[in-house]
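Remarks on the structure that follows.
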Amino acid sequence: MEDVSDEDSFVDLYSAEDTPPTPQTGCKETQMESLLEDLGLEQHYKEKLSLSTILQINEKTITDEPVKRNSDLPWYFLKKLMMVNVTARNVKCTSVCDSNCDAASGNTGLDLDNLLNSPNSGDMLNPLDIITALFLCSDGFVQQEMALKMSMCQFSVPLLLPNCETEQCTLMLWAMRDIVKKYRPQSLSVSKGFIEDRVVLSDLPMISFVRLGECSLSKSEILNKLLSNSQQYHDTFVHCNMECGDSPRRISNGLVEITWYLPCGNKNMDLFSEPVAVANLRGDIASFETQYSFLCQTSTAVFVFFDNLDSECRLLTNQHHKAQIYLVGNHQSKQFSLDALKKVATKLGLTNSNIILKTKQMNDADFVSKLRNTVRDAVESSKKKMRIEQMTDIAYELGILVDEDSPECQTAKKNADAITAEIHDTLKYKEAQLPRQGKIWKDLTCLEKEEFRLQKVGSENIEMYKGNLKVQKTKLRGKQNSYDISTAMTCFINAVSSPGIERCYFLKWMRINLDNLSREKLSDLREQYKKKCKSSDNKEEIKDIDRQLSNSSLGTEHFFREMGQIYEASVSLPETHPSRQQLQHLPKLCAGLLLDGFPLELVDGDASNIPLRWVSDVLSQLNVLVSPKSKILVVTVLGVQSTGKSTLLNTMFGVQFAVSSGRCTRGAFMLLIRVNEDVKKVLNCDFMVIIDTEGLKSPELAQLDDSHEHDNELATLVVGLSDITIINIAMENSTEMKDILQIVVHAFLRMKEVGKKPKCQFVHQNVSDVSAHEKNLRDRKLLLQQLNEMTQAAAKMEKKEENKSFTDVMEYSPDTGNWYIPGLWNGNPPMAPVNAGYSEAVYELKKNIIQMLGNCNSSANKISEFTEWMSSLWNAVKHENFIFSFRNSLVADAYMRLCTEFNKWEWEFKKDMYTWVTNAETRISNFGKFALKSEKHDMRELLTSLKNEACTVLSKWETKILENLTKYFKQTEGHVYLVEGYKEEFSNSAKSLRREIQSSVLNQLTAAAEIKQGMAELDRVKKNHTKQLEERVCALIEDCRKKKVKMTDKELDKEFDEMWDKTLKELSFCEQKVTDVFTSVSHNLRANLSHKGSHANEILNKKDLKNCGQMPFKYKPTVEGAFNQFKHTVKKLFNKDQVVAMQQMADSIIAACEDILIQKMERKTNYHETYILEILHMIDERLQNNQNLKADIEFEVSLKQYICGFAARTFQKMHEDFIHVNDPKTCLKQNKEKFRADFKDVFNERNQCQKKAEEFTDRCLKPAVEDFVNRSLGPDIIGEMLTCHQFSTRIFFQYSVLQDLLSKDDFENYRRYICSYEGYVKEWTLNQIKEHFADPSKALEFEYRHVQSSINSINNVINKAKTGRSGNLKTFVEDICKALGDKLVISQDALGAFMILNNADKEQFAHWLTQCVKDMAQALREKFKKTNIEMKLRNLHVSPQNELFTRLIGCGKQCPFCKAPCEAGGKAHTEHWTSLHRPEGFGRYRWNATEKLVTDICSSAVISDTCFRCDATKDEWHPYKRYKEIFPDWKIAPDVSLEASDYWKYVMAKFNHEFANAYKARPADIPPTWKNITLKQAKVSLKESFNIK
Ligand SMILES: Nc1nc2c(ncn2[C@@H]2O[C@H](COP(=O)(O)OP(=O)(O)OP(=O)(O)O)[C@@H](O)[C@H]2O)c(=O)[nH]1
Ligand SMILES: [Mg+2]
Ligand SMILES: [Zn+2]
Ligand SMILES: [Zn+2]
């Protein structure tokens, strides 16, 4: 053997096909090291590259940066190879010099020297080196993947991989395991059959090509020509005329590559009629004797290329090979020696036919053709065939390693073999070893769907029926649990639990073994299926084949499916059950696999169901394994079956979804791809989820197995889960396209309705023309037109007709939403490589998709959110009516957040308006008292200007809220897009809120102004009287002083009394006129009822208002039985309880009116017309909300009469009180003692300063400050309460009330909640306030703050006044009052009395005043400290409990069936809904025949086939399902989780008898399952219903 380690031997390696040897820089070890270093792979020589590393999405995935460094080369190659791009090997650095040096040197002229010297490929790396290096640095799975993709590109793949460092080579058996080829040998060309086989297992003849010494023929190029047919040349092997093919090879010498020639069964096209393996050794056999020996022993023939034969040629003669040797020489070469050839040939005993020479007369084509003939002969003459798997023995003999020999691989193989060896009959095997997924699981699926559809309920009691279904389900789960875990499953679970790499090997082995087992049967069936599908007559046959396909297919997914079922069944066991605990680790196991890149079956295509619990638990474990906030983006593909969907995804992401020629993907699978750090920010996600789906069927096919529904469900699910959906369309099949589009459009429409906006991209496959995009403009228009039509059709079916065109449903532009992808194969399979155009187009699509994902502002989902979507979508899909059944906690969450936010804005608005109105009222009250700064001339003017001002402020707020809303929806976080549909509603709510506040504000202003104006005369009189009195007193003082006698106190008293009586007699006191409030109220009532017709008028005339409202209101229907309106089903009758309900409504309206009255009374103002208008408006609103009760005109009129009666009486009294209190004479009299005191003081010339300061503080300032505090405290308390979560939204409020009820667990409370909802809730609210403010310091804090702010204002004003106008005390006080005029209302009477006879010194007064104010503050604080919260609440101007109540009662509507209150946010919502419906028995419904309370719940009734009738249906029977036709503004969502109404079920079961008693009915028949509901479950269900975490 020649010493190949000799350094000189490198020279020998030179040949024409190769390139000059590498300049010697060191020994071989460094050769490897330096190359790996150049490629940046040195670290991976030890730590092998894994699939998850090379598949992850990073910056390079989406950018097309030219390769600048050698270290980029491997990644560039891998990136292209993973996308099966045939140009992958054309890798080259665009070194700086290459492109730039000419320009840089400014050399643009002619320079031939430079041209000749242009940098050669010295620095370039040979592709073979890169490939070799990558194989050396990769783990078995990457190797397998590379080999597979290389073979798809029709590249040769390594058979023996050299390692120049260890000088050992490895047989790449494992690497090639995955390659499956399909071909048609001559023998099958007639029958059109084909052979599909794993190449390592096929017995094939192998022809090897080697080189001895130097050779001027390019062996590899010749081989390429040999294997290419005349029309199409393809570079199977790298050769020196390829880009960088001439670069010196540094580590790839000794590499043996293999490729296969496979016939297609067409004589004219096939170069060889039978399949042939072709091996090619790189380098000189003299240096790689081991490889050569291996080839000699495994090949049918070995072709030795040479120029110069050494006549000894021990190498050739020494072999004990079985292979035939062929010598191939170049006669034209200078080294060629015929003699030597002769000698060797003789020695080897070769004939002419074994020698091929390229002579002068021959051109390349002739030569190749000759060679090809020789090869053909060699193949035909020898019968020697060998599988690659068998070559291991030879490898061992020669000391060649085998890549499968690692212990992990071997153990895994053993485990896999142990399982698969048992499989003989697939169907039987599945029944015996995987029993849980068969019929039981399908039956369970049916039961689950029936639970949601209630199609067979008939006339049975719905809740009983549902209970039955539940029992049946439990039974089936029990049956699943009764099976032992089979041996196969035990082995499987054990093997899957093995550490890291071993389980990867195991799963791969399983896949390989199972594939091998079923391939034969399946590929045949698939072919038949495909054929039959094309001709649609033999439907039964298709169905049969489909069944057989399903029966005979067995893959790893079946084992995982079984695992899922084992787990799901175990979950139905009690938590402490040992089997359940033993199986708890399964989800984690699967999550680990998912993270390793293995697919997870989402939808079981056979049963058409998702094992929700299993999948959710796997995903939640996944969430635990990755960092908790990991986000994901989802890409899905949908399309007709066998249109290359899986192929597309595999090409795009380098993944391995099952692909083949028949129906192969069943259900839906998801897998994870990591996103590398460098693009995480750009994409805003950590993982990409890819979902591959089963092909959709055309309607004819779908008919056969009722799979239409299945397709619809699947499409809805995956579209709903994805951020981008790829719609795959094979161009040749436009009718099928139309059919699937229908399904897809449905799915998109549904998503729009539930608030999700997936993007979509249409991919048109098999469009080869470059100008496809231009040309297909017309097609795109047509497509859009079709999409529009389908949207309309789908919208009609989903009852969402407002969607008119496809673009209504989703953002779609025909120009950017369409992709044209040429056919997959370049030429005819099996010899065709993947079309470079295909790969490139897919790459463009991929870049675009990733870019779109990066651009979409909507936030990516977390894994937990993905799970939530999955279950909510799937649950809704199980219902007949998707849109109305959809309920999702994320949407609910987003809605809740929006409501909370909106409520905040609403409150800010209201609070600000409260303050504004209070100020305005103060200004009105103070009008005319003192010359205010910008004093208007008369009240009308002031009122107008205030009204204008109000409108400005209101508009400002309206705009602000609308802006807030817009801003809110611009956020990218928090999934706001999910509730974008509500934007309009909320902006309407904002507008209506403004209208509402506006009308109330303007009313208040008008009332205040008119009342004030009414008092103007009175004030003038009072002022005048005071003035006259003052004059008299002054005169009296003058008189007394003139007497010059010291008068005693008594005498002074006497004088004063005389003067007082006399003056009072002289003053004219015109009696204040008392108006008749009844007239005004009566007038307004008439006006209110004027459009209600003459009957209303008649009733009105029957009774005098004065006689109304004295006796408690009792509702008596005039015609008995007229109110049997709410008939339910034949057996259910709504009876006299109508009367009770009407009475309840009346009572609650009356209570609300009384509240208003009390509030008005406490303000102690005069009566104003707006008050009764307000009350009438309120009554109208309430009646409107309770329309379903059908209040007739008689009811309405008598109720209004009643209320107006007692309101008028109250107002009358209020009016009279007011007049009395403000009567001038009374007022004067009240001040008599003060006058007297002042009189004496002035007379005695006593200094009044301190006294006057006290008086001013006590009589003027203190009441004003107290009033200010009371006015301000209300909004404070409301604001504070709104920060409590139970008042943040209606949903929370309902939840809190119900939860509180549950914790009290007391019948009476429930009864009151249900029967007198308003009363109960008001009281509850009040209690919450009291409880919240139980700690007095909370309210005090607010009060102190307002006191302090008043004191500060007063002090400021005093200081300012001190420096103000001249020393007159009167002007001083006036200045003070004026300055405080915007904030404090100072009583006119008190001030007037204070002003007279005032001789205090201004400076001193000011001094004392400051002191007094200080004391006052202290006194007020003490006073507030002493009042408890109840008393405080009574004094407030704005009642917190009322305000909170109105906010929470919202629109005030109640479910037309069960009376649960509406919880929708805003006031102007278009659809009312409630989270939790109740059994109808609570609403007094009973079965007519038995008087038993009804247990049916509206949320179940609306999906059943039962009917109801009532007035609204004109007493006709109407199906519950179509309740929308009767109650269009109600949305009654079905009970999605089936446990949602456990709360009320629990209550009903518990208090059945009590309710029956209270309602005078008989107890309901409680379904047995209800009785098992525990308090805890009730609590949990409550949380779930209201989506509270
Ligand atoms: N001629 C041609 N064949 C293709 C093309 N794309 C895929 N194929 C082949 O079509 C067969 C089916 O491809 P798949 O990717 O399994 O198709 P699928 O749509 O996933 O099929 P199902 O999952 O069963 O619906 C495979 O053998 C592919 O190699 C193409 O563009 N042209
Ligand atoms: Mg598929
Ligand atoms: Zn209801
Ligand atoms: Zn509502």
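In listed order, ligands and their atoms are each counted from 1. Values reported hereafter were calculated over all heavy atoms of this structure, with side chains retained and with hydrogens, waters and symmetry mates removed.
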Could you check Lys645 against Thr665 for side-chain hydrogen bond (donor to acceptor under 3.5 Å, both in side chains), going step by step and ending with a plain yes or no?
CA-CA 9 Å; Lys645 299 181 296 297; Thr665 312; over 6 Å; no
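- Between Thr1506 and Ile462, the closest side-chain pair of non-hydrogen atoms falls below 4.5 Å.
- Between Gly644 and ligand 1, a contact under 3.5 Å exists for at least one N or O pair.
- Rounded to 10°, the angle formed at the Zn ion (ligand 4) by ND1 of His1472 and SG of Cys1451 is 110°.
- Taking the six-membered ring where tryptophan is involved, the planes of Phe986 and Tyr982 are perpendicular, since the angle between them exceeds 60° and thus also 30°.
- Distances from the Zn ion (ligand 3) to each N, O or S atom of His1477 single out ND1 as the nearest.
- Polar contact check, Gln641 against ligand 1: no nitrogen or oxygen pair lies under 3.5 Å apart.
- Ionic pairing of Glu906 and Arg1447 is present here: one or more N-O contacts between side-chain nitrogen and carboxylate oxygen are shorter than 4.0 angstrom.
- Contact of the His558 side chain with the Asp606 side chain is registered, since non-hydrogen atoms from C-beta on lie closer than 4.5 Å.
- The existence of a salt bridge linking Lys181 and Glu196 is excluded, since no basic side-chain nitrogen approaches an acidic carboxylate oxygen closer than 4.0 Å.
- No N or O atom of Asp692 sits closer than 3.5 Å to an N or O atom of ligand 1.
- Which parts of ligand 1 touch Asn766 is read off a 4.0 Å heavy-atom cut-off, strictly below it: atoms 30 (C), 31 (O), 32 (N).
- Here the N, O or S atom of His1469 that is nearest to the Zn ion (ligand 4) is NE2.
- The nearest non-hydrogen atom to atom 21 (O) of ligand 1, considering only Ser642, Gly695, Pro829, comes from Ser642.
- For the pair Arg198 and Asp178, the salt-bridge criterion is met [side-chain N within less than 4.0 Å of a carboxylate O].
- Polar contact with ligand 1: absent for Gly823 (N/O pair, distance under 3.5 Å).
- A salt bridge links Lys1467 with Glu996; the closest basic N to acidic carboxylate O contact falls under 4.0 Å.
- For Lys645, a nitrogen or oxygen atom sits less than 3.5 Å from a nitrogen or oxygen atom of ligand 1, counting backbone and side chain alike.
- The heavy atom nearest to atom 8 (N) of ligand 1, considering only Leu824, Val659, Asn835, is found in Leu824.
- Applying the 4.0 Å criterion to heavy atoms of Gln765 picks out, from ligand 1, the atoms 31 (O).
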